[in-house]
Amino acid sequence: MTAEDDQALEALLRWAGRRPMPPPETATAVYQHARQAWLAQVRRRKLVLRGWAWAAGLGAILMAAWGGAHLYPRQVMATIAPGQAAWIRHTFWHPFAGTRAGELFEGDAVQTGAEGATLERGDGTELRMSRNTHVSFDSASTIRLGRGGLYVQTHDVQSNRNLVVSTDLGNVEHLGTQFLVERGNEAMVTAVRDGRVLVHYLNRPAVELQNGEAASVDPHGQLKRWDLSIFDSVWDWSDALATPLPIEGQSLYAVLTSIAQRSGLVLRFSTPAAEAEARGLALHGAPLALQPRDAMPAVLATTTLTGTTVNREILISAR
């Protein structure tokens with residue numbers, strides 16, 4: 001546009017003059033309409049922002065719930081009685097650890113010192129740890145033995161069929177009721193007191209051990225196996241951690257049955273009369289904190305019965 005055009009436009013505007021003002025009621029109506037439209041737009045924006053805030057909050061709650069379920073599992077792997085010389089290390093800060101002392105959750109570990117300790121699983125399985133032993137609970141079915149010795153005594157084979165004791169030299173799969181695994185400086189040793197286990201090592205076929213058998217696996221994958229004596233000393237440290245044998249008010253038959261069960265042996269009587277006498281005789285006294293090989297002669301000392309062990313059996317007969 002040229003300067004002449006600007007001058008012509010200015011002259012035209014001067015000739016037209018100012019436009020007349022609208023009536024006051026019209027100006028007010030226009031203002032109110034514009035204000036209502038502006039307020040509606042502001043409200044819509046607030047609702048959108050509030051919706052995003054609620055969505056973000058809900059997402060945070062869901063993520064926290066997911067984290068609580070996965071990082072802090074609530075299933076108790078095992079429990080250690082108060083007063084035992086053991087230290088629990090929780091993998092994460094656990095919200096239940098402070099109020100439920102002595103309980104181990106998935107991922108937790110426990111370490112013994114100069115004395116051993118006994119843990120109990122929810123299914124009644126007893127876990128005895130020798131001194132200077134480190135154990136961690138990788139999952140509900142896998143117990144990792146870092147070093148030391150672990151004795152496992154179960155009560156129900158079916159409910160524990162997936163229980164595995166894992167070490168760096170191999171895994172021991174539970175098929176029976178009583179066994180131990182030791183990881184020392186030179187080898188992994190497995191001994192079966194009652195039942196069966198499968199020893200898995202390297203990429204070789206699993207080796208089955210039955211009651212009264214033991215085997216060792218060294219870092220080179222060499223396996224050696226041997227037979228255990230009836231009251232072999234390999235069980236001494238685990239028997240020392242066993243609960244004392246109840247005596248007071250128990251029948252001699254019940255006490256002998258407990259001794260046989262703890263020893264992985266079968267209880268038999270030479271005659272029906274000997275069994276009847278054992279069933280009818282009630283014992284009195286304090287709980288017996290003795291090794292099984294010493295407990296049997298101790299409870300029979302004041303009776304007319306005697307006991308011998310042969311072929312993995314306890315045979316009770318008249319003197």
Side-chain angles (χ1 to χ4, degrees), residues 81 83-85 112 114-120 124-131 149-157 176-180 182 189 191-195 210-214 226-319:
Q84 298 198 61
T112 60
E115 300 179 6
T118 299
L119 288 71
E120 185 175 343
T125 298
E126 193 173 83
L127 305 174
R128 302 176 196 166
M129 300 172 59
S130 67
R131 63 179 185 174
L150 179 67
Y151 179 90
V152 180
Q153 177 174 308
T154 65
H155 300 283
D156 184 355
V157 175
T177 55
Q178 299 180 75
F179 66 98
L180 67 76
E182 293 180 338
V189 176
V192 181
R193 199 171 208 175
D194 184 27
Q210 299 184 5
N211 52 318
E213 296 182 336
W226 63 93
D227 293 330
L228 300 168
S229 60
I230 291 179
F231 293 117
D232 200 281
S233 61
V234 72
W235 309 114
D236 286 355
W237 68 260
S238 62
D239 287 338
L241 293 171
T243 304
L245 196 65
I247 296 294
E248 182 62 34
Q250 299 287 320
S251 69
L252 176 60
Y253 180 88
V255 174
L256 290 173
T257 299
S258 295
I259 292 174
Q261 187 272 331
R262 292 187 178 199
S263 306
L265 304 176
V266 177
L267 177 64
R268 296 193 185 279
F269 293 87
S270 61
T271 64
E275 181 177 349
E277 182 177 348
R279 289 181 180 275
L281 181 59
L283 301 180
H284 300 280
L288 203 59
L290 292 175
Q291 299 280 350
R293 61 171 171 267
D294 301 321
M296 183 178 66
V299 298
L300 292 174
T302 58
T303 72
T304 61
L305 300 175
T306 185
T308 57
T309 55
V310 59
N311 296 329
R312 308 204 64 78
E313 294 181 353
I314 294 178
L315 180 64
I316 305 298
S317 56
R319 292 182 187 275

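- Residues forming a side-chain hydrogen bond (donor to acceptor under 3.5 Å, both in side chains) with E120 (at least two apart in sequence, or on another chain): none.
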inquiry  = Show, in sequence, the C-alpha distance, side-chain angles and deciding distance for I314 and I230, and conclude whether the side-chain contact (heavy atoms from CB on, under 4.5 Å) test is met.
reply    = CA-CA 10 Å; I314 294 178; I230 291 179; over 6 Å; no

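- Listed by chain and number, the residues in a side-chain hydrogen bond (donor to acceptor under 3.5 Å, both in side chains) with W235 amount to none (sequence neighbours excluded).
- Proximity of a side-chain donor or acceptor of Q291 to a complementary backbone N or O of D239 within less than 3.5 Å is not detected.
- Between the side chain of S263 and the backbone N or O of L265 there is no donor-acceptor pair closer than 3.5 Å.
- Contact annotation: the side chain of L283 never approaches that of T302 to less than 4.5 Å [non-hydrogen atoms, C-beta and beyond].
- Separation of atoms CD (Q153) and CG (L127) is listed at 10.0 Å; rounding is to 0.5 Å.
- Interatomic distance, L281 CG to T304 OG1, rounded to the nearest 0.5 Å: 8.0 Å.
- Going from atom CG of L241 over to atom OG of S238 covers 7.5 Å, rounded to the nearest 0.5 Å.
- Judged purely by atom type and a 3.5 angstrom limit, E248 has no side-chain atom pairing as donor or acceptor with the backbone of A286.
- Looking at every heavy atom in both residues, L288 comes nearest to A298 through CD2-CB, 4.3 Å.
- Remark: L267 CG to I259 CD1 distance equals 9.0 Å, nearest 0.5 Å.
- More than 12 heavy atoms of other shown residues, nucleotides or ligands fall within 6.0 angstrom of atom CZ in R293.
- Heavy atoms only, all atoms of each residue included: R262 and T243 are closest at NH1-O, 2.7 Å.
- Judged by distance alone, the side chains of Q178 and Y151 do bring a donor and an acceptor atom under 3.5 Å apart.
- Summarising the geometry of W237 relative to S130, their closest heavy-atom pair is CZ3-N, 3.3 Å, with the distance given to 0.1 Å.
- The number of heavy-atom neighbours closer than 6.0 Å to CD of E313, taken from other residues, nucleotides and ligands shown, is above 12.
- When every heavy atom of L290 is checked against every heavy atom of D294, the shortest pair comes out as CD1-O, 3.9 Å.
- A donor-acceptor pair is defined here as one N or O able to donate and one able to accept, closer than 3.5 Å; no such pair exists between the side chain of R193 and the backbone of F179.
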message = Under the criterion side-chain contact (heavy atoms from CB on, under 4.5 Å), I'd like the reasoning laid out for L305 against L252: C-alpha separation, chi angles, the key distance, then a yes or no.
response = CA-CA 10 Å; L305 300 175; L252 176 60; 3.8 Å; yes

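- Look at R312 and D194 and you find no salt bridge, because none of the NZ, NE, NH1 or NH2 atoms lies under 4.0 Å from a carboxylate O.
- Note: L245 CG to Q250 CD = 8.0 Å, rounded to the nearest 0.5 Å.
- Taking all atoms of both residues into account, the shortest heavy-atom contact from S317 to A274 is CA-CB, 4.4 Å.
- At least one donor-acceptor pair under 3.5 Å links the side chain of S251 to the backbone N or O of A254.
- Between the T306 side chain and the R319 main chain, no donor and acceptor come within less than 3.5 Å of each other.
- Here E213 contributes atom CD and L228 contributes atom CG; the two are 8.5 Å apart, rounded to the nearest 0.5 Å.
- The two residues I316 and G307 make their nearest non-hydrogen contact at CD1-CA, 3.9 Å.
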